Participant: 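Please read through the structure below; I'll follow up with questions.
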Amino acid sequence: MPPPVFRFAPSPNGYLHLGHAYSALLNFDLARRSGGRFLLRIEDIDATRCRPEFEAAIYEDLAWLGISWEMPVRRQSEHFARYRQAVEQLSGMGLVYPSFESRAEIARMVREREASAPWPRDPDGAPLYPGAAKSLPAEERSRLLEQGLPYALRLDMAAACARANRLIWIEHGEGPDGETGAVSAHPEAWGDVILARKETPTSYHLSVVIDDAVQGVTDVVRGRDLFWSTSVHLLLQRLLGIPQPVYRHHRLIEDASGQKLSKSTKATGLRELRGQGATPAEIRRLVGLLDDSRSSTGGC
Ligand code: GLU
């Protein structure tokens with residue numbers, strides 16, 4: 001049996017906090033204890049928010065925590081050609097269409113719909129795509145593309161689900177309502193998700209699925225906030241014919257008021273805590289992980 005492969009995949013759009021420390025340490029400990037491999041991936045597709053100093057800080061903070069990873073590190077911004085290829089594969093199956101509405105137009109359409117009845121929301125609380133771009137006549141679509149308008153490439157969710165049949169993943173952790181074991185995916189709850197944009201040839205959902213496959217990741221261990229995103233990931237894996245890892249969604253580290261930590265909350269930033277004299281062992285204790293040399297259980 002090849003060794004299991006774990007990964008930690010932060011976005012360099014801010015400094016790491018205790019929540020990241022927990023996720024990274026949990027992945028690292030699980031890899032070490034199972035004789036597996038641990039990879040680090042930099043999810044930097046959003047050029048407007050990602051910055052080199054945040055990426056440098058990720059390496060520094062993880063090394064300080066005592067985490068080591070295989071080289072080279074995969075940086076998503078270096079693999080746009082691979083993501084484009086996947087979009088083309090899905091396009092070739094007739095599952096992708098361009099939509100041309102701006103974010104403001106979409107918000108206005110949702111407001112109009114909501115004047116009469118609640119408009120459906122995805123598991124993250126964002127309204128589903130309300131537009132009709134899927135049924136634009138081909139000539140109209142070509143005309144808008146030729147005009148050079150910005151666009152988003154969307155997955156035709158109904159057609160994609162019809163092709164995929166039933167999707168189930170193995171959950172070693174727990175979902176928001178205690179879901180565990182064999183979990184049924186519900187990608188339709190996300191509507192026609194964006195796969196790529198004119199200026200960014202990929203999206204979180206698409207690149208995470210491609211990268212986990214390219215890197216041979218067998219065990220995806222990440223925060224519970226991404227639990228229902230797994231539905232979309234399973235669908236894309238099925239459509240693209242790539243392997244499905246097992247998943248372990250872990251508890252989120254919260255602040256004193258019970259809120260999920262944010263990258264801008266200084267009180268829980270790793271750099272701040274380090275600056276105040278905290279040690280890596282104290283960080284482990286703060287996130288509820290025993291020192292790995294004393295064999296922690298992780299406590300997902
Ligand atoms: N880059 C994502 C984040 O920072 C994590 C993606 C994943 O683990 O699937 O939240």
Side-chain angles (χ1 to χ4, degrees), residues 4-28 30-31 37-51 54-55 57-59 61-62 67 69 73-79 83 86 123-126 169-176 183 185 187 190 193-195 200 202-237 242-254 259-265 268-270 300:
V5 181
F6 295 82
R7 51 64 162 184
F8 176 58
S11 296
N13 55 14
Y15 291 113
L16 300 186
H17 53 55
L18 285 174
H20 298 106
Y22 178 57
S23 200
L25 286 165
L26 190 56
N27 270 286
F28 183 65
L30 286 165
R37 297 168 54 202
F38 174 77
L39 311 178
L40 174 61
R41 180 164 80 225
I42 299 296
E43 302 215 325
D44 60 348
I45 57 172
D46 185 350
T48 59
R49 295 176 63 217
C50 294
R51 299 220 304 257
F54 293 139
E55 184 176 332
I58 288 173
Y59 301 135
D61 290 346
L62 293 181
I67 291 176
W69 54 90
V73 168
R74 185 174 172 93
R75 300 174 71 243
Q76 292 188 324
S77 57
E78 293 167 359
H79 299 278
Y83 309 134
D124 281 349
W169 83 85
I170 303 303
E171 175 62 44
H172 287 322
E174 228 176 68
V183 178
W190 292 89
V193 289
I194 293 178
L195 296 175
T200 311
T202 188
S203 57
Y204 160 64
H205 293 309
L206 185 71
S207 38
V208 87
V209 157
I210 297 295
D211 288 349
D212 285 338
V214 168
Q215 296 191 287
V217 171
T218 58
D219 293 63
V220 172
V221 179
R222 62 186 177 193
R224 197 163 289 156
D225 51 337
L226 293 170
F227 185 82
W228 285 116
S229 294
T230 310
S231 289
V232 179
H233 302 170
L234 255 72
L235 176 63
L236 293 174
Q237 287 154 0
I242 55 184
Q244 182 184 314
V246 297
Y247 289 86
R248 178 190 293 249
H249 291 92
H250 60 68
R251 65 185 162 83
L252 299 176
I253 306 290
E254 295 170 341
Q259 295 298 306
K260 187 188 149 189
L261 300 185
S262 110
K263 281 182 170 149
S264 53
T265 317
T268 47
L270 290 184
C300 268

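This one's a predicted model, so the numbers in the text were calculated from it and none came from an experiment. Whatever order the structure lists ligands and atoms in, that order sets their numbers, starting from 1. Note: hydrogens, waters and symmetry copies are ignored here, and every other heavy atom, side chains too, is used.
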Participant: Under 6.0 Å between ring centres, would you say that holds for F227 and W169?
Facilitator: yes
Participant: Taking all atoms of both residues into account, what is the closest heavy-atom pair of L234 and A185, and its distance?
Facilitator: CD2-CB, 4.2 Å
Participant: Name the residue from V221, D219, V217 that meets the side chain to side chain contact (heavy atoms under 4.5 Å, CB included) definition with R7.
Facilitator: V217
Participant: May I have a table of the N/O to N/O pairs between ligand 1 and the protein that fall below 3.5 Å, each row giving the two atom names and the distance to 0.1 Å?
Facilitator:
unit_1: ligand 1; atom_1: 1 (N); unit_2: A9; atom_2: O; d: 2.7
unit_1: ligand 1; atom_1: 1 (N); unit_2: S11; atom_2: OG; d: 3.4
unit_1: ligand 1; atom_1: 1 (N); unit_2: E43; atom_2: OE1; d: 2.6
unit_1: ligand 1; atom_1: 8 (O); unit_2: R7; atom_2: NH1; d: 2.6
unit_1: ligand 1; atom_1: 9 (O); unit_2: R7; atom_2: NH2; d: 3.1
unit_1: ligand 1; atom_1: 9 (O); unit_2: Y204; atom_2: OH; d: 3.0
unit_1: ligand 1; atom_1: 9 (O); unit_2: R222; atom_2: NH1; d: 2.9

Participant: Measure up the H249 and Y247 rings against each other and bin them: parallel (under 30°), tilted (30 to 60°), perpendicular (over 60°).
Facilitator: parallel
Participant: Less than 3.5 Å apart, any donor N or O on the side chain of R222 or T230 sitting next to an acceptor on the other?
Facilitator: yes
Participant: Rounded to the nearest 0.5 Å, what separation is found between the CD atom of E55 and the CG atom of N13?
Facilitator: 12.0 Å
